[in-house]
Structure formats: C-alpha cells, structure tokens
Trainee: 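Below is the structure I would like to discuss, written out as structure tokens.
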Protein chains: 2
Amino acid sequence: MTKKVTITDLAKKAGVSVTTVSQILNGKDARFSTKTIEKVKALQKDMGYIPDFNAQNLISKTGKTIGVLIPSLSNPFFAIFSAGIQNEARKEEYVPLVFASNNDRELENQYLLESIRRAADGMIISSPVSDVDYIDSILSQNHIPYILIDQAPSAQEDPIDVANYEGGAKVANYLLENGHTRIVIVAGDDPTVNIRKRLQGFRDAFKDHGVTISDNQIIYTHLSKKGGYDVSNKAVAAKPTAIFAVNDELAIGLYRGIKEAGLRIPDDISVVGYDDIDWAKYVDPKLSTVHQPALEMGQAAAKLIIERIESGNNGSLESGRKISLPIQLIKRGSVKKIN
Amino acid sequence: MTKKVTITDLAKKAGVSVTTVSQILNGKDARFSTKTIEKVKALQKDMGYIPDFNAQNLISKTGKTIGVLIPSLSNPFFAIFSAGIQNEARKEEYVPLVFASNNDRELENQYLLESIRRAADGMIISSPVSDVDYIDSILSQNHIPYILIDQAPSAQEDPIDVANYEGGAKVANYLLENGHTRIVIVAGDDPTVNIRKRLQGFRDAFKDHGVTISDNQIIYTHLSKKGGYDVSNKAVAAKPTAIFAVNDELAIGLYRGIKEAGLRIPDDISVVGYDDIDWAKYVDPKLSTVHQPALEMGQAAAKLIIERIESGNNGSLESGRKISLPIQLIKRGSVKKIN
DNA sequence: TTGAAAGCGCTAACAA
DNA sequence: TTGTTAGCGCTTTCAA
C-alpha cells in the first residue's frame with residue numbers, strides 16, 4: 001500500500017519548505033513568487049495531495065462539523081429537515097453528522113457523546129426524549145453550542161419558532177367554519193412543547209367559540225403511521241365528526257383505520273393533519289393540513305448554530321437570536337362542511 | 001472559555017506520566033498497579049476527560065468513518081437504507097457520514113472529495129449518476145475501499161444482490177396469473193443496472209408466456225411520486241389493464257393521477273410497485289409490490305465495507321464477497337383478476 | 001511498574 | 001521571498 005502523500009513529500013519534490021507549501025495552499029501566498037506558487041499548485045495536482053484532516057483539525061480545533069440528533073429518518077419531516085441542514089451547512093463548508101436515535105434514550109446519549117468525541121463544533125438536537133438539563137450540562141462543559149428544536153418540556157424557548165399555537169388555532173377555526181364541534185384529537189405520547197402549543201392553540205380557539213375540548217377527547221399513541229392506525233378504532237368509536245391529528249403520519253394511519261372500519265373521509269368523518277409532508281397530496285382524499293417549512297427549518301437551524309459557533313458564543317440556555325418561520329393552512333379534500 | 005481537558009492535565013493531576021494515562025485508558029493496563037489504574041480512571045471521570053479525536057486519528061490513521069452517498073433522503077427507501085447502515089456501523093463503532101446528492105453530479109463529486117478529506121475509511125455509494133471509472137480511480141488512488149449499490153451501468157457486479165431479475169419476473173407472473181397482458185411499465189430515467197434487471201426479468205417472463213413487451217410500452221420519467229403523477233395521463237392513455245411501476249414512489253404518483261382521471265384501482269386498472277416502502281400499506285387500495293429489504297441492505301452494505309476496511313482490502317472493482325438477500329412478492333389490493 | 005522521547009502531518013510565530 | 005522551529009494532543013517504542 002502506497003502511503004498517502006504528505007505535505008513533506010510535496011515540499012521535498014518542490015524543493016521548498018513545508019511552510020511554503022502550507023501557506024500557499026491556504027491562500028496566504030502574498031509573499032511568494034509566482035513561480036513558486038505555480039510550482040506548488042501544479043505539484044499538488046500531480047501528486048494528488050489532500051491535506052490531512054486530522055492534522056489540520058488538531059491545530060485549528062475545528063472540524064467544521066455539526067452533530068445532529070433526530071428521532072428518525074423514516075418520518076419524512078425529519079428526512080427533509082436533515083436535508084435542509086445539509087444544504088445550508090454545505091454553503092459554509094460544514095458537514096452534519098446525523099444520528100437517528102429512534103427515541104431510545106440510551107442511543108441518544110451515546111450519539112451525543114460520539115458527536116462530542118468527534119469534535120462536533122455545535123449541535124442541533126431535535127430528539128424529544130432528551131433530558132434537557134443533562135444535555136445542557138454535558139454540552140456546556142465541553143463548550144459546545146447547541147440548539148434544541150421541537151424539544152421536550154423545557155425552560156428554553158425554541159430558537160426556531162414556527163407558530164405552533166397559531167397553527168393549532170388555524171386548524172380549529174377551519175374545522176369550526178365547517179361546522180365541526182364533535183372532535184377527537186390524536187397526539188403522540190409525551191408531546192413536545194411544540195405539539196403542546198399546537199394543542200393549546202387548537203383548544204383555545206374552540207373555547208373561544210364556546211366549545212370545550214376535554215382531556216378525554218385526546219387520544220395518545222405512538223407518533224407514527226402505525227400509531228395512528230392502532231388507535232383509529234378508538235377514535236372512531238367516539239363518533240366525532242372530525243379528527244385532528246397532530247401530525248400527518250398519524251393522520252395517514254387514521255385514514256387506513258377509518259377506511260377499514262368502512263367509513264369514508266370526509267363524508268363520514270373529516271381529518272386534518274399537521275406538517276404537510278409531501279405524501280399529504282398523494283393520499284385519497286388529499287389531506288388538509290398545516291404546512292410546516294421542514295426544509296427551511298433545517299436551514300434555519302444550521303444557520304443559527306453556525307452563527308453561534310463562529311461567534312464563539314458557546315451559549316447554553318439563554319443565548320442567541322431566534323428565527324420565525326411562517327406556516328400555512330392547506331385546505332385539501334379531507335374536511336367536509338357539515339351542519 | 002475554559003480549555004478542554006487534555007491528557008497532560010490529567011497526568012499532572014494524577015502525578016503520573018502521560019504514557020501511563022494513555023496506556024491505562026486504552027486498556028493496556030497490565031503492567032500498572034491497581035492503585036494507579038484506579039486513580040487515573042477516577043480522575044478521568046472527575047475531569048470529564050475525552051481524548052481528542054483528531055490527535056488519536058492522526059496517529060492511528062483511522063477515524064472509523066464510512067462515507068455514504070445516496071440520491072436523496074426523501075425517498076423512504078433510502079432513508080431506511082441509511083438507517084440500516086447506521087445500525088450496523090454502530091455495532092463496530094463506525095460512524096456514517098451521509099450525503100444526499102440529489103442526483104446532482106457536481107454535488108456528488110464534492111461530497112466524494114469531502115468524504116476523502118474527512119478521512120473516510122471506506123465508502124458506500126448508492127447514487128446512480130456516478131461515473132464509475134472516475135470514482136474507482138479517485139478512490140483507488142486514495143486506497144479507500146468502496147462498494148457500489150444499485151449502480152449505474154457498470155462492469156462491476158453489485159456486491160449486494162437482491163434478485164432483481166427474479167423480482168421482475170415475479171411481478172410479471174403475478175400479473176399474468178390475473179389475466180393481464182395489456183401492460184404499461186413506468187420506469188425512472190436512466191435506469192440503474194438493478195432496475196434494468198428488474199425490467200428484463202419482467203419482460204422475459206412475459207415473453208415466456210408468448211407476450212412481447214415492446215420498448216414503447218415503457219414510459220420513462222423522474223423517479224419520484226411526482227414523476228409517476230406526471231406521466232399518469234400518458235400511461236392511462238395507452239389503456240393498459242395493468243401498470244408495473246419500477247418503484248413504489250412511482251406507483252403512488254400513478255395512483256393519484258389515475259384517480260384524478262376518474263379511474264379506479266384495481267377495478268379499471270391494476271398497479272404493482274416495487275420496494276414495499278411502509279407507505280405501501282397506507283394507500284388506498286393497499287399497493288401490491290415486491291418487498292425489498294432496505295434495512296437489511298443497509299446493514300449488509302455496512303458489514304461488507306467494514307470487512308473490507310479491516311481486512312486492508314482496498315479493493316476496487318474486482319474484490320470482495322457478496323451478500324444475497326431475499327425478496328418477496330407482496331399481494332395486496334391493487335391488482336384485480338380479469339379475464 | 002513507570003517514564004522520556006520521538007513523531008503523526010500540519011500551521012504559525014519568528015527569523016533571516 | 002523563504003525557512004527554522006516549536007507545538008497541537010496523543011500513542012508507542014525503548015529504557016530505566
């Protein structure tokens with residue numbers, strides 16, 4: 001096995017010092033002769049020299065790496081969210097290290113440590129099972145800035161605001177306009193703050209119209225298609241005229257269960273989701289939902305964390321600016337007007 | 001900003017040399033007194049010492065990193081595939097660096113170089129636009145083993161075999177058994193070898209039954225839901241009794257178009273997909289398809305590349321063992337018997 | 001049972 | 001315009 005070309009090899013071959021090569025290749029070539037510069041650059045190509053990442057990082061203390069913790073890649077929302085992070089990171093020459101924790105606390109913890117070990121410069125954490133205090137303590141100790149997205153009950157305000165309260169209220173008003181007052185809500189177990197706000201907005205809007213939604217109208221289940229499917233009987237049994245699923249995956253699971261129960265959407269029952277994953281347009285009937293800008297959220301998260309990294313603001317809970325992103329109610333075919 | 005704890009800090013505090021600390025922390029503690037060992041280990045916890053990744057790699061020349069190139073995360077097949085890689089890699093303490101190239105050749109190339117720069121020990125490439133010769137040359141030069149999955153026309157046999165020819169044939173026979181001979185195939189542009197084999201198996205099976213499927217019965221489009229949707233009119237216009245979509249995304253796009261055209265599945269037209277993404281069970285009617293073990297494929301890919309890395313087999317095209325994975329025809333509700 | 005010293009590949013003061 | 005030297009944090013001979 002031929003060894004990798006090092007800067008010393010290159011320097012020798014060029015008949016200059018390693019400093020010269022290093023400087024030139026790093027763009028600090030002001031003080032060198034054109035001749036030397038060209039010689040070095042040509043040789044770099046010829047020899048296929050690529051600077052050693054580890055050696056560089058050992059000195060610079062930054063590998064331009066962002067650790068990313070998400071619950072799962074199989075939820076399209078997070079797949080797109082991750083894509084957004086990657087897009088934005090790329091512009092600044094950062095690389096995301098994406099870990100899916102599957103809501104497994106231990107795994108999540110391992111991946112957190114692995115990110116630190118791999119010298120992540122910052123972290124984006126969007127995995128809901130986290131113990132926020134623990135994360136804050138370990139990350140602060142290591143002086144790694146981080147942002148929490150869509151996080152478990154936490155003192156910290158989400159730095160990326162996507163108007164969940166308003167979103168929930170929009171769904172409520174949409175349903176109200178269409179005459180629905182007999183409602184079931186389907187939510188994921190251990191709802192995150194974002195989803196709680198969404199729920200709160202929804203319930204408050206109903207209350208404003210004189211309709212109280214009690215806790216037993218909320219069904220909790222695993223936050224997935226299967227979770228929605230599993231509780232569809234229960235949801236249907238309550239004989240609502242409309243169901244609000246706190247995300248689209250849930251809604252699509254409900255679709256299946258509702259149809260298997262012999263009911264039609266929206267004739268027998270209306271369904272509204274949340275997220276507007278691309279699949280929402282491909283189910284029958286097309287799903288009414290609230291558009292969340294998943295891609296933009298990923299981009300915003302990456303932008304924010306890079307800002308913090310480069311500003312040296314190793315901020316924990318208190319720090320940093322916020323980004324607000326718009327949401328939008330998308331009316332499609334899954335809600336019917338009743339009277 | 002407090003500095004990160006280094007091995008020197010720890011050694012000083014323990015009153016021993018860095019060698020001692022290094023040896024003990026790396027499990028080579030045979031020759032040290034229990035007392036020293038305990039002291040060092042305790043101090044590690046206390047001080048929160050984490051060895052510097054870059055410094056370690058600089059010496060060991062391996063960062064236990066696998067570069068992964070996929071077309072996109074938004075296709076659930078690849079999301080699951082990536083999850084499989086991560087699962088398996090984790091067991092061996094490798095970390096995948098996942099890059100989605102979106103079929104953009106330039107991006108793909110950038111990510112390839114970035115993986116090399118970041119000292120990937122091996123690569124899994126599953127992005128169909130690649131220029132295989134180029135990849136082989138650059139990776140070989142850098143002595144990085146790699147495996148190509150589901151790759152563009154290539155001399156190399158896929159190291160992970162998922163019986164595409166047989167899969168295609170199974171779909172064909174299924175359709176044949178149900179009386180379908182008027183067929184349209186919907187495929188992605190620039191089909192990969194795997195998909196070609198799938199197609200070939202399909203066509204050969206029909207031919208065996210005396211039915212020739214001509215090239216103009218194949219419609220090419222973007223390999224996505226939208227791609228399927230976009231050509232649905234064209235597909236319907238050919239008045240087939242059944243459509244074979246080479247993947248589920250395409251099939252689900254077709255579903256939408258077919259319904260919008262006022263036709264019913266499977267009464268007016270039967271549809272079969274390929275992949276068995278989890279969504280296949282959640283569309284109406286449930287999609288008949290061929291189950292591809294995406295998760296297992298990811299695991300197998302990771303296993304294979306780790307084997308090559310650790311065996312020092314920096315193999316390019318010729319090398320390495322193969323893994324065969326079973327597929328399965330899943331009959332659901334999207335095919336109807338006709339006569 | 002322990003430590004001194006060299007060196008991994010690179011960057012950056014400081015000289016020349 | 002270029003080179004010498006030190007040193008990043010760690011592992012690993014080799015010696016004590």
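Residue numbers start from 1 in every chain, and the chains themselves are labelled A, B, ... in the order their sequence lines are given, proteins ahead of strands.
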Trainee: Would you say A/Gln56 reaches C/dT11's phosphate, i.e. side-chain N/O to OP1/OP2 under 4.0 Å?
Mentor: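 Yes, because at least one side-chain N or O of A/Gln56 sits under 4.0 Å from OP1 or OP2 of C/dT11.
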Trainee: With a cut-off of less than 4.0 Å, is there a side-chain N or O of A/Thr8 near OP1 or OP2 of C/dC10?
Mentor: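 Answer no for this pair, as no side-chain N or O of A/Thr8 is under 4.0 Å from OP1 or OP2.
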Trainee: From CD1 of A/Ile24 over to P of C/dC10, roughly how many Å is that when rounded to an integer?
Mentor: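 These atoms are roughly 15 Å apart.
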Trainee: Return yes if the base of D/dT12 and the side-chain atoms of B/Thr19 contain a donor-acceptor N/O pair under 3.5 Å, otherwise no.
Mentor: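 Side chain to base: pair present.
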Trainee: OP1 or OP2 of C/dC8 sitting under 4.0 Å from any side-chain N/O of B/Ser60?
Mentor: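 Indeed not, no polar side-chain atom of B/Ser60 lies that close.
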Trainee: Round to a whole Å and report the spacing from NZ of B/Lys61 to C1' of D/dG9.
Mentor: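 Atom-to-atom, B/Lys61 to D/dG9, this comes out as 14 Å.
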Trainee: Does the side chain of B/Asn54 get closer than 4.0 angstrom to OP1 or OP2 of D/dC10 through an N or O atom?
Mentor: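 Answer is no, no contact under 4.0 Å.
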Trainee: Need to verify one output field. Residue with the more 5' nearest nucleotide on DNA chain C, A/Val21 or B/Ser33?
Mentor: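 Residue closer to the 5' terminus by nearest nucleotide: B/Ser33.
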Trainee: Please check the phosphate of C/dT11 (OP1 and OP2 only) for any side-chain N or O of A/Ser22 closer than 4.0 Å.
Mentor: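 True: A/Ser22 side-chain N/O within range (under 4.0 Å) of C/dT11 OP1/OP2.
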Trainee: Below 4.0 angstrom from OP1 or OP2 of C/dG3, is there any side-chain N or O of B/Thr20?
Mentor: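 B/Thr20 to C/dG3 OP1/OP2: side-chain N or O found under 4.0 Å.
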Trainee: Salt bridge (charged side-chain N to carboxylate O under 4.0 Å, His left out) between B/Glu108 and B/Arg105: does it pass, once the steps are laid out?
Mentor: CA-CA 5 Å; B/Glu108 183 191 49; B/Arg105 210 180 186 107; 5.5 Å; no
Trainee: Taking OP1 and OP2 of D/dT1, is either one under 4.0 Å from a side-chain nitrogen or oxygen of A/Lys35?
Mentor: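 Indeed not, no polar side-chain atom of A/Lys35 lies that close.
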Trainee: When the distance from NZ of A/Lys12 to C1' of D/dG3 is rounded to whole Å, what number comes out?
Mentor: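 The answer, rounded to whole Å, is 15 Å.
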Trainee: Flag the pair A/Glu307 and A/Lys303 as a salt bridge only when some basic side-chain nitrogen lies within less than 4.0 angstrom of an acidic carboxylate oxygen.
Mentor: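 Looking at A/Lys303 together with A/Glu307, the answer is no, because their closest N to O distance does not fall below 4.0 Å.
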Trainee: Between NZ of B/Lys64 and CZ of B/Phe53, what distance do you get to the nearest 0.5 Å?
Mentor: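 Nearest 0.5 Å value for the NZ-CZ distance: 10.5 Å.
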Trainee: Quick one: is B/Lys28 getting a side-chain N or O under 4.0 Å of the D/dT12 phosphate, OP1 or OP2?
Mentor: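 For D/dT12, OP1 or OP2 has a side-chain N or O of B/Lys28 closer than 4.0 Å.
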Trainee: When the distance from CG of A/Asn26 to C1' of C/dA13 is rounded to whole Å, what number comes out?
Mentor: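 Checked: the CG to C1' distance equals 15 Å.
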Trainee: Contact class for A/Phe53 vs. all strands (heavy atom < 4.0 Å): base, sugar-phosphate, or nothing?
Mentor: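 No contact.
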